[in-house]
Each structure stands twice: as structure tokens, then as C-alpha cells.
Amino acid sequence: MKSGILKGLAGALALVGGASCGQSPEQPLNVVYILADDLGYGDIGCYGQRIIQTPHIDQMAREGMLFTQHYAGCTVSAPSRCSLMTGLHTGHSQIRGNREVRPEGQAPMREDTYTIARLMKSAGYATGLFGKWGLGNPGSVSVPNKMGFDEFYGYNCQRQAHSYYPDHLWHNEERVFFPENLNNAGKTYSQDLIHREALRFICDHKDKPFFAMLTYTLPHAELNLPHDSIYRLYEGRFKETPYVGKFDTIHGGYNTSREPLASFAAMVTRLDHYVGEVLDELEALGIEKHTIVIFTSDNGPHHEGGADPDFFKSYGPFRGMKRNLYEGGIRVPMIAWCPGTVKKGERTDHVSAFWDVMPTLAELTGTAIPVEMDGLSFLPTLLSKKGQREHDYLYWEFHEQKGREALRVGDWKLIRQPIVGDTRLELYDLSQDPHEDNDLSEELPDKVRELAARMDSARVESPDFNFGRKKR
């Protein structure tokens, strides 16, 4: 792990000129981090989508910076989000897989975990999380309010977040009940409530620095949303067969799984609509030039509840999807927007990952990080400055389906799968083969041995997430 003691460039980088809404002419940049759920690299227009409409995200890309080589922390939700929260890849992080706590929640992080929210609070920011958590069950030491967030509204449990019409959400550490959703009544749509609370937080903190994480669950299965004008953009457009499965719940006329393709497309467009409203709100408050907005996804696209990533080419030009360590499972869209600070219409091939976000925000705010981490700040790239450091390697591990590992060094990619059973090593040159079709492991055994040794040294054993045998 690399040292995380960053001094930052507070005067030159974290402060921007121009006063509005009664703010200081030298004001720290606010940060809005929007995290989609299971949105593929190719699900939005600026990354090649041709069927689903995403005009606001596309505009965000035209007015900001689009990253072509950004990676999620893992290929499923909880470990990916832990990587984001802690600046550690899954060879060093506490949460390396989806592990349930009954009746509600997932395995918690330790009480002393230094999180991105604690970083921002130490820099004087108000902190809020709106959407899905999935990193500690209710009552544990690892709920959002105990991990540095001043305000939380949404789902504690990622399993319960599969339902868009839940019987409860959480506001801080109190349950908010929705009896109107009992017995599949389907009257109160969670994402609209979460979005409303996020906008309220932004408005309430317009006069002081804030850090808002908007972790919508769209477009994760179940395929279920209101039959409103957004859904009607796609209703009846596709020739499709009704999906019948465990996510095929009926909510009093809201059963959009009767048209799963239309439902999925509408969920992505609804997410785009939320992004547009966030940008509009910042402009209406006069703080758009004081706010950096980052949009990304927690892993690749899913094939659940009737979703069809093959139809939409959700994985873009890559192979694989959620639960794979091929590029389609871990390479995700990322767009950064801040008028006057992030250059308009920029594209970058800088290789970055979720564990880079914390050191980036540390440098942005001029805040020292008191722990070690794996990330490198990509702030120079955001500001189109010189001095961008590059990773020696990127590493992922996945603790389902007998276990998998992946390592990227330069343009070389090594995948070990499965860990338990008939283990095999696959080698790809991403510069020539981004779809990972041509396995070079037999042709280049020396390169395989070199990268396999590096892969083994990239991780430490975890008492909670163990592959169960030595790798060969």
C-alpha cells in the first residue's frame, strides 16, 4: 500500500473565484458524487448507447470530462462501495464480498474505519448520503451516521434495495415506514423520495461546503417503476416476452416487468432525469461553478429480473458483466463536471479506480489522510494539469462463484479463475484486445509468471474473506 499522507494544494486547487448566494469569493468546491447501481459502460449515450435516451448525462459529458478507463472497486456492490469509502482495493479492504446479516443489512466495517465521509467532515464539509448503503446492518457500528455522514436517507440493506416500493427506508438511524406499500400496494416509489431528500440537502447547504453522495439503486433489478411519462417513452416499443421470475412482483398496476426491456430503458432514463435535476438545482442556486459533480456506476450491468444487457449492449465494447472480472464487469463510466474548473468536452484515457476517489478529494480539500491506502489522486487530470501519477497496478478479487482475481499492469491484464477447483490463468493485452478474446497465456508463459507473482503480492489474507486454499 502507498502512503496516504497527502498535503494537497488547498490554495491553488480547492478554491475557486467568484461569489454567489452570499458565499465567499474564495470558496471550497462542493462535491456531488452520483453512483448508479449496475449501470453498464455502454448504457448511456455518451459511451455509445443508441436506444436508451440519456440527454442530461450526455450534456454533462459535453460540458465536462469523460473518463474512458475508470474502474469500479469490484464486480458486485458491497466490496465495490467499501473500496470507494476507504481508498483500498479488494486485496486490502475489509469487505471483499456480499455478506448478508439477517434480517436486514450486510457485514459491517470496523468502528475505527477511516472513510471518505470522515475525510470530508475533517475538511469542514457537511456530509450526506442518499440512496443505498450496504456496508453495515442497522444498530451496528457501521451505519452511515457512525461512518462520517451527517445525514442519511435511503436503504440500509442492499438486498432490501431490490424493491423500489419498500415498506420502510431509513432517515439517519430511524425507520421511516410506508404502510401504503404493504401487500404489494405499490404507491410510494423510493427513488423519487431519495432524490427529493438529496435535492433538499443541496439546497439547505448552498451557503457552506457540502459533500453529497447520491447512491440511487437505478437500474438494478427489480425492473419496476411508475408508469409515468418516462416509462411511456418506451412502452410497447420492443417486441418482448413478459419476464416471470423472483423479481416479477406486482405492485397494483406498476408491474413493469411485463415489458422488461421497456422497464430497464425507462429506469436508465429516469436516472438521467435525476442527474439533470441535480445540475439544474445547482444552477438555480448559483453554485454550479463552486460544485464538482462526478457520475459513475458501482459495477457492470446485470442479467437479473429480465434485464437483457445483450439487447442494449450494456457492456459497451467489452466482454462480461456483473460478477465477471472481464472489462465489462468492472470498467464503468465516469464523468466529471464543474463549469470553469473542469474543461469542457474533454476525454481522458487516464487509468483510475474507485480507490482513487478518496486521495483525489484529500488533495482537492488540502486534507491529510492519516491512514495508508492504495489510491492515487486524479485531481491533476480533472484540472488538466501536469504531474498526474499513474498506477503500478490495479487489483481486484471476487468472493463468489469459487473466487476470481484480476490484475492490470499497463495494458496487460491477468485473470485467475476460479480460485477453488480447476484454476486457470488468462492473459490479455488490452491495447490490442479490449474485448479479451485472445488469451495469450500459453504464448507468453514468462509474462504470466511475472504477473501471477505480482497478483499474489497485491493482497493480504482476510479473516472474513478467504479463498480457502493456496493459489498455484
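When a residue number appears, it is its place in the shown sequence, counting from 1.
Looking at residues two or more places apart in sequence or on another chain, you find a side chain to side chain contact (heavy atoms under 4.5 Å, CB included) between Thr75 and Leu325, Ile330, Phe398. Looking at residues two or more places apart in sequence or on another chain, you find a salt bridge (charged side-chain N to carboxylate O under 4.0 Å, His left out) between Asp112 and Arg110. Listed by chain and residue number, Tyr41 satisfy the ring pair (Phe, Tyr, Trp, His ring centres under 6.0 Å) test with Phe318 (two or more places apart in sequence, or in another chain). For Phe378, the ring pair (Phe, Tyr, Trp, His ring centres under 6.0 Å) test picks out Phe67, with sequence neighbours left out. Partners of Val342 by side chain to side chain contact (heavy atoms under 4.5 Å, CB included), not counting sequence neighbours, listed by chain and number: Met65, Ile292, Cys338. Under the ring pair (Phe, Tyr, Trp, His ring centres under 6.0 Å) criterion, Tyr189 pairs with Tyr164, Tyr165, sequence neighbours left out. Take Arg232 and apply the salt bridge (charged side-chain N to carboxylate O under 4.0 Å, His left out) test, not counting sequence neighbours, and it matches no residue. Here His168 pairs with Glu104, Gln160, Trp170, Arg175, Phe177 under the side chain to side chain contact (heavy atoms under 4.5 Å, CB included) rule; sequence neighbours left out. Annotation: ring pair (Phe, Tyr, Trp, His ring centres under 6.0 Å) contacts of Tyr274 (sequence neighbours excluded): His195, Tyr216. In this view, Lys146 and Val143, Glu173 satisfy the side chain to side chain contact (heavy atoms under 4.5 Å, CB included) rule, not counting sequence neighbours. Remark: Asp58 engages no residue in a salt bridge (charged side-chain N to carboxylate O under 4.0 Å, His left out) (not counting sequence neighbours).
A distance of 6.0 Å or more separates the ring centres of Trp337 and Phe295. Residues Tyr234 and Phe264 keep their aromatic ring centres 6.0 Å or farther apart.
In summary, the side chains of Thr367 and Thr365 do present a donor paired with an acceptor at a separation below 3.5 Å, with no hydrogens or angles considered.
Residues in residues 158-167 take part in these salt bridge (Lys or Arg N to Asp or Glu O under 4.0 Å) pairs, two or more places apart or across chains: Glu100-Arg159.
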